[in-house]
Chemist: 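The structure under discussion is supplied below as structure tokens; questions concerning it will follow.
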Amino acid sequence: MGSSVSFPITQIPRDRIFIVTGANTGIGYELAKWCAMMGGTVILACRSEDRARKAMETMQEDFEKERAKGTTGLTENPTLALEFMKLDLASFESVVNFCDEFKKSGRKLHVLVCNAGLGFAAYKQSADGLEMMLQVNYLSHFLMIAKLLPIMRQSGPDCRIILTSSAYHHRGTFDVATMNYTGTANNFPDLNYYGRSKLYQVMQAYAMTTRLKGSNVTVNSLHPGFVDSELFREADKGIFKCCLGCFRCCGIMVTTLKGASTSIDLATNPKRAGMSGHYWTDCKIKTSSSTSRDEQKQEALWKATFPFIQKYLTESEISGMEGDT
Ligand SMILES: NC(=O)c1ccc[n+]([C@@H]2O[C@H](COP(=O)([O-])OP(=O)(O)OC[C@H]3O[C@@H](n4cnc5c(N)ncnc54)[C@H](OP(=O)(O)O)[C@@H]3O)[C@@H](O)[C@H]2O)c1
């Protein structure tokens, strides 16, 4: 008997290591679960240990149900290789601690999925005094990549960085002078700043691909679709709640498994090896916004990003991001 999923189920060796941020719920949950069900070792990089451990238990139960259904191609191992590591993307210190701890373990890293994200929420400031979506969705993931890239460069062929962006990147204004919102909370244009953070991720994938050309590491971004996840938890009230209800009834929103399909495909499908610098939707390459494809703007963003995080990086981590080994 087969599974009805839209990505191929591939045998993955247990020593292939995945890190998935925001793996305790939504798209990240399905992604982490399927990477582990195919055999890989998956580190759930989450801010709440409690939520992550509950998710790990449920993943194991889902795995047992999937095996009982007779789905072929799943790992023979009766227990999924799932681990928790604490990561709060709202704090650069937490990102640094996460990366230091991972480095200390001496393990390889093959796939890093920057999936965690915040959206459609009122203005909030991070522990570092920055607008929250800028930091959680973009800057902290950028810092994490810069710190873990040297490990990935030493982890053998076919290492992959995947950035979960959004079609909403089309709605983000490109203006590096106002990357960090400094206006009043009441006037915060939340949808525009969500779009901006997602635009930066698409642009980062392009800028990094140019720099890592010919290396063992690929970088891609994706739009998962309009997914019925917890992303709208803060917006799930008032008129928006009614709209969400309608979207759910009309089937406009897809399940978290369907929403995770492109991420799972990019993380596990052997056919994606070596493919880099693309923006994906529905497991296919799509054209991202013209702004995101503008190389001058990509370089302007690259330069504007470092001042936010430079103090947490060593010289060699910075030159590693420029493509030096
Ligand atoms: N849902 C959609 O329609 C849609 C559309 C386009 C793009 N996306 C993107 O898809 C990605 C996954 O979203 P989702 O829909 O699965 O949403 P979700 O169900 O809300 O999951 C988001 C995940 O991010 C984690 N997270 C939030 N803030 C964090 C922080 N400070 N540190 C560490 N982790 C944090 C959450 O952890 P907690 O559970 O602890 O809060 C959760 O695990 C996001 O990047 C989102 O922008 C979603």
Side-chain angles (χ1 to χ4, degrees), residues 19-33 42-56 58-59 84-95 97-98 113-121 124-128 130-141 143-144 162-172 190-191 193-202 204-205 221-236 240 243-244 247-248 252-264 266 279-282 286 288:
I19 292 178
V20 179
T21 69
N24 58 281
T25 188
I27 296 163
Y29 173 92
E30 291 294 337
L31 166 64
K33 182 179 85 183
V42 183
I43 295 167
L44 287 82
C46 300
R47 59 179 163 174
S48 158
E49 177 159 8
D50 190 41
R51 276 165 74 79
R53 295 217 179 272
K54 281 191 185 121
M56 284 155 68
T58 319
M59 284 178 195
F84 162 76
M85 278 181 70
K86 171 112 181 140
L87 172 71
D88 183 357
L89 293 159
S91 150
F92 290 138
E93 195 188 345
S94 172
V95 175
N97 290 342
F98 175 94
V113 190
C114 298
N115 163 81
L118 281 180
F120 308 98
K124 278 195 201 101
Q125 234 179 42
S126 70
D128 300 286
L130 298 171
E131 186 275 307
M132 195 62 105
M133 290 185 286
L134 169 70
Q135 179 155 352
V136 169
N137 298 358
Y138 175 60
L139 290 174
S140 283
H141 279 132
L143 176 61
M144 194 173 174
I162 299 158
L163 304 173
T164 309
S165 176
S166 169
Y168 222 89
H169 81 270
H170 285 271
R171 307 284 287 274
D190 54 343
L191 296 182
Y193 269 76
Y194 176 69
R196 286 178 180 226
S197 70
K198 296 287 144 184
L199 173 64
Y200 303 151
Q201 291 184 298
V202 179
Q204 182 189 352
S221 67
L222 69 104
H223 168 58
F226 188 24
V227 185
D228 194 0
S229 68
E230 291 185 36
L231 191 71
F232 308 100
R233 59 187 110 169
E234 283 197 40
D236 208 352
F240 202 78
C243 295
L244 281 176
F247 294 151
R248 285 182 185 118
I252 293 173
M253 295 177 98
V254 300
T255 63
T256 49
L257 174 57
K258 174 117 186 28
S261 299
T262 305
S263 313
I264 298 168
L266 282 175
Y279 170 73
W280 300 75
T281 307
D282 288 332
K286 290 279 155 69
S288 62

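In each ligand, atom 1 is the first atom listed, and ligand 1 is the first ligand listed. Quantities reported herein were computed from a predicted structural model and do not represent experimental measurements.
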Chemist: With H223, which residues qualify under side chain to side chain donor-acceptor pair (under 3.5 Å), at least two apart?
Modeler: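 Counting only residues at least two positions away or on another chain, H223 forms no side chain to side chain donor-acceptor pair (under 3.5 Å).
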
Chemist: Would you confirm whether S94, through its side chain, and L87, through its main-chain N or O, come within 3.5 Å as a donor-acceptor pair?
Modeler: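 No, S94 side chain to L87 backbone: no donor-acceptor pair under 3.5 Å.
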
Chemist: Spell out, as yes or no, whether a donor-acceptor pair under 3.5 Å connects the side chain of D228 to the backbone of V254.
Modeler: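 Side chain of D228 to backbone of V254, a donor-acceptor pair under 3.5 Å: no, none is there.
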
Chemist: Can you list the residues that meet the ring pair (Phe, Tyr, Trp, His ring centres under 6.0 Å) rule with Y29, with sequence neighbours excluded?
Modeler: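 Scan of Y29 (ring pair (Phe, Tyr, Trp, His ring centres under 6.0 Å), adjacent residues dropped) gives none.
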
Chemist: Any idea which residues sit under 4.0 Å from ligand 1, heavy-atom distances?
Modeler: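 Residues within 4.0 Å of ligand 1: G22, N24, T25, G26, I27, R47, R51, L87, D88, L89, A90, N115, A116, G117, L118, V136, T164, S165, S166, Y194, K198, H223, P224, G225, F226, V227, S229, E230, L231, F232, R233.
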
Chemist: If only atom types and distance count, is the side chain of D128 paired as donor or acceptor with the main-chain N or O of L130 below 3.5 Å?
Modeler: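 Pair absent, no side-chain N/O of D128 close to backbone of L130.
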
Chemist: Does E93 have any salt bridge (Lys or Arg N to Asp or Glu O under 4.0 Å) partners at least two apart in sequence or in another chain, and if so, which?
Modeler: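 In terms of salt bridge (Lys or Arg N to Asp or Glu O under 4.0 Å), with neighbours along the sequence ignored, E93 is linked to no residue.
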
